Amino acid sequence: KKITPKKTVYTIASDLTFAPFEYQNDKGEYVGIDVDLLKRIAELQGFELKFNFVGFASAVQAVESGQADAMIAGMTITDERKKSFDFSDSYFDSGIQLAVKKDNKKIKSYQDLQGKVVGAKVGTESADFLAAHEDEYGYKIKYYDAANDLYDSLRIGQIDAMMDDYPVIGYAIKNGQDLATPIKRETGGQYGFAVKKGQNAELVEMFNEGLKELRRTGEYDKIVGRYIAENN
Ligand code: GLN
């Protein structure tokens, strides 16, 4: 189905660093599952894109304030967010997980976080999960705007643990970061492309149509396979 775009160029906000969904390669170009998927969908559906990689919380704000038409940022579809966003069909199954330094043998359960400092990116599902369980487990939360600061803080021992989406932690481990994931994942998260509630409905429709097409032709699997090995 062909939908007619209403704008010449749609501005898309995204995260700064959220590999393998969006990150800069060696050449400084932004690549990743989100970037490649949306670019292909735009080609198939015949609309133009302008990406702004601003960070997760900033992307949320950009869409809410109308500075961006939509966001794609490994954003989990939640009931809370549905109050201010309209989401596309989900395009990726995810979830969150706790990570510690590889050589940390002391943290094996959430209970072991008593008196510890746990980091997360501001405005994310991980941050919400940590806030919801802060009293129960007795840790302190440290919030970060950017993923590199979060991961660096864990590496240099400023925080004891961190929480992030598990495909992102998995990708970091595969790429040589010394992390371990001692606690089972919190599953059930699904990523969606999002617009401000009630706005840019045709853009969501085009996304859904393009996504269906990419799934049908097998190109979806090819794009994901560029970044994530199948046996993961
Ligand atoms: N999936 C998580 C969320 O929606 C994290 C997204 C991100 O950090 N880019 O909150």
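Residue numbers start at 1 and run along the sequence shown. Basis for what follows: all heavy atoms, side chains included, without hydrogens, waters or symmetry-related copies. All ligand and atom numbering here is 1-based and tracks the order in the structure. As the structure is a computational prediction, the values presented were derived from the model and not from experiment.
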**Report entry** Met75 neighbourhood, listing ligand 1 atoms whose heavy-atom distance to it stays under 4.0 Å
**Finding:** 4 (O)
Query raised in the report: Looking at the rings of Tyr30 and Phe51, which for Trp means the six-membered one, are their centres under 6.0 Å apart?
Result: no
Query raised in the report: Do you know which two heavy atoms are closest between Thr11 and Gln67, and how far apart they sit?
Result: CG2-O, 3.9 Å
Requested in this report: Name the orientation class of the two ring planes belonging to Tyr227 and Tyr23 (parallel below 30°, tilted from 30 to 60°, perpendicular beyond 60°).
Outcome: perpendicular
Report task. Could you tell me the separation between the CD1 atom of Ile12 and the CD atom of Glu22, rounded to the nearest 0.5 Å? Result -> 12.0 Å
Query raised in the report: Going by distance only, is there an N or O of Thr124 that falls short of 3.5 Å from an N or O of ligand 1?
Result: no
Report task. Within a distance under 4.0 Å of any heavy atom of Asp15, pick out the atoms of ligand 1 and give their elements. Result -> 7 (C), 8 (O), 9 (N)
Query raised in the report: Would you say Tyr191 contacts ligand 1, with heavy atoms under 4.0 Å as the rule?
Result: yes
Query raised in the report: Which residue and non-hydrogen atom of the protein lie closest to atom 6 (C) of ligand 1, and at what distance in Å?
Result: Gly74 O, 3.3 Å
Query raised in the report: How are the rings of His133 and Tyr110 set to each other: parallel, tilted or perpendicular (split at 30° and 60°)?
Result: parallel
Query raised in the report: Among Met163, Arg81, Lys121, whose heavy atom sits nearest atom 3 (C) of ligand 1?
Result: Arg81
Query raised in the report: Do other residues, nucleotides or ligands put more than 12 heavy atoms under 6.0 Å from the CD atom of Glu186?
Result: yes
Report task. Give a yes/no on ligand 1: does Ala73 have at least one heavy atom closer than 4.0 angstrom to it? Result -> yes
**Report entry** ligand 1 atoms in contact with Asp165 (distance to a heavy atom under 4.0 Å)
**Finding:** 1 (N), 2 (C), 5 (C)
